[in-house]
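Report on the following structure.
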Amino acid sequence: MTIIPCKKIINRLKKCFSFDHGKHCSVVVWLLIMILLSLFNSEYLFARDSVIVLNSDMSIENYSLAHTEFKSMMVDLKDEIDLGSKWVNEKSIKKRIKKIDPDVIYCIGSKAYQMAYKFAKKKNLVFSLAINWRRLPMGKNTYGISNELHQGMQLMMHRYLFPDVNKIGVLYSKIYSEEWLNIAIENAKEVGIDIIGRHISESDDIESALDELLPEVDALWLTPDPIVISNVESVVKIFEQCEAVRKPVFAYNRTFANFGATLIMSADISTMGRQAAGIALDILANKKVIERVQNPAGSHIVLNLKKVDEYGINLNIEALESVNEIIR
Amino acid sequence: MIKSYRISVLILSRCLLFINICLLVILLLFLSFLPALANLRYTVCFYNPETNINNFALIKSEFDRYLSDYGYFQFQPFSDRDTFEKFIVGRKDGVYLISSWHFRKLKREYPMEMEAKLVGVSKGRPTHIKILTVRKSITNVNLLKGKIIAAAGSKEYTKGVLLEMLGEDQKSIVDSLRILIVPKDIDALMAVGFGMADSALTTESSLTKLAEINLKQYRILRQLAASKETLLPIIAAPKKLDENISSLLRVFENMGKTPVGQNKLRMLGMDGWKKLGNAERRFLEE
């Protein structure tokens, strides 16, 4: 190894900075400036990666579950605001959002989304568990997970669990669900199911519509149509009529278990929280979010075995591994 | 008067002595039964990182109900891997229903006193294959970079299987994948079909089910890679069995022979159990 004396190094450095080599030196200096700038920029970007959670009410189990799952996928949350807490008010929330200036606000429930939209509509808002999200104001930076499972998913599970159920009836209103029904009819064909719809204009039409519909079908599929599910009386009426002719009801919410639904298929809340976190991470990474409002990817299935036995429906035993809850 | 007083005191003291002796006998009897009482309930501990079991309450109640017909047995599912591992490592007692993948991993990492006794069976086979399914537009592994993969297993398990499938040289692609954990295999496949994910890691049998339910959905998918055959979940117990554990193992072994038992096993994706053969033992020791 040769040892270069200090004097020699100093001389070389002097030469380097002399007029002849000035141009090379300036290139080096510029490169150094660029590197420093990019480092500063990435540091700045990291500092900007801020996410906050706005929860409509943490005491509601589903809201809390989505919150926990979302949190488990985020490295650093800047703030978590519980609108259900008596210690927060609109003014303090606005102040907290303004202070953090977040890149993404995850809104759990309609109340949280509406508040976030009011105070920070230009921010990226990701919602989940918002009831009737189509009625919410949507900005160009709004993303979310809908509450409803893709109807294709529901139909596939109907077919998987009950291979002999070939005709499914649907009560619907033309105003809210005509388009939905037409798509469902197409999707149902893929799994060999016939969807037979009967439209109603008001809840008083339910009885006569069911009188016509039930003899033609093997089961009734209850959907969240506001005219069909307008009040408790309507729901009771539907279940009583189906019970009278021993036709199973497939529903979309755990509440209908109390009325005697045979199958309830809803979205898995934990998966929704994870999907929302995925969208938030994509936004932070400047990735394009292709589907702005996604369907839930996970399902939660409640099966009423008492009704299955009572009505003598053929149940695919293999499908039991997909069931989350059994009512006996 | 004094005499009668003395007689009554004597009777009273004799009675007290008798009561004390009786109490002592009861206490001795209780103490002699204490070890038996402690063993009254034999617990089957369950943890499986291969599936995202989110129906713990259902599985626990169904298995408790089934096992209680055969003795003082109960079923305890674990949701957290660390808690389960802390519980099982170093133990010399108990019965464990555990994924074969996880059992092998534990055996490699810790000194384990347990050995596999039974292996699950589905449609006559004690093994299964994992398939990496993608949308038709993803024609090779490189196109998977940064995509969403839906799977029902834990993140660690999913990554482990993918690395084994694709090879260590594809580690950067595996690391770039965003794993979306869903409740069940069929959800993972439907997530790809309905556009919530780009790929799915599921069992081969789930893919077959999809083809049976919805051929159109099945046809829009492509099978990109497959794992080696791995054993279905196993039942591990101490090498030396006591009478209770032996009878518990017999209960499990016979589970697939009755429709009620089969229905319970279906919740775990199996339809029976069999004793481990030499090939299965070799697989677990590899």
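Note that the structure is a prediction, hence the values are computed from the model and not measured. Lettering of chains follows the sequences in order, A, B, ..., and the numbering in each one begins at 1. Computation of the quantities below employed the complete heavy-atom set of this structure, encompassing side-chain atoms and omitting hydrogens, waters and symmetry-equivalent molecules.
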* To do: With A:Phe162 as reference, evaluate A:Asn314, A:Asn316, A:Leu263 under the side-chain contact (heavy atoms from CB on, under 4.5 Å) test and give the passing residue.
  => A:Leu263
* Asked: Is there a donor in the side chain of B:Thr43 and an acceptor in the side chain of B:Gln76, or the other way round, less than 3.5 Å apart?
  -> no
* Is it true that A:Glu310 and A:Lys306 have a side-chain N and a carboxylate O under 4.0 angstrom from each other? -> no
* To do: Examine whether an atom of B:Leu210 lies under 4.5 Å from a heavy atom of chain A, and if so say whether it belongs to the side chain, the backbone or both; otherwise answer neither.
  => side chain
* Tell me yes or no: between the side chains of A:Ser299 and B:Asp187, is some donor less than 3.5 Å from an acceptor? => yes
* Who wins among A:Met156, A:Glu291, A:Lys287 for the most heavy-atom pairs under 4.5 Å with chain B? -> A:Met156
* **Contacting moiety of B:Leu180, where chain A heavy atoms sit under 4.5 Å** => side chain
* Determine the option with the most heavy-atom pairs under 4.5 angstrom with chain B, choosing from A:Gln294, A:Glu325, A:Met153. => A:Met153
* To do: Measure distances from A:Glu318 to the heavy atoms of chain B and classify the residue's part below 4.5 Å as side chain, backbone, both or neither.
  => both
* Charged N to carboxylate O under 4.0 angstrom, B:Arg178 versus A:Asp282? -> yes
* Between the side chains of A:Asn304 and A:Arg328, does any donor sit under 3.5 Å from an acceptor? -> no
* Asked: Where does A:Gln275 contact chain B at under 4.5 Å (heavy atoms): side chain, backbone, both or neither?
  -> both
* Asked: When you check the side-chain N and O atoms of A:Thr223 and A:Asp225, is any donor under 3.5 Å from an acceptor?
  -> no
* Sort B:Ile213 into side chain, backbone, both or neither according to what part of it lies under 4.5 angstrom from a heavy atom of chain A. => both
* Structure fact -> Applying a strict 4.5 Å limit to non-hydrogen atoms, the region of A:Pro163 in contact with chain B is neither
* Largest heavy-atom contact set with chain A, pairs under 4.5 Å, which of B:Glu62, B:Lys216, B:Arg266, B:Gln217 -> B:Arg266
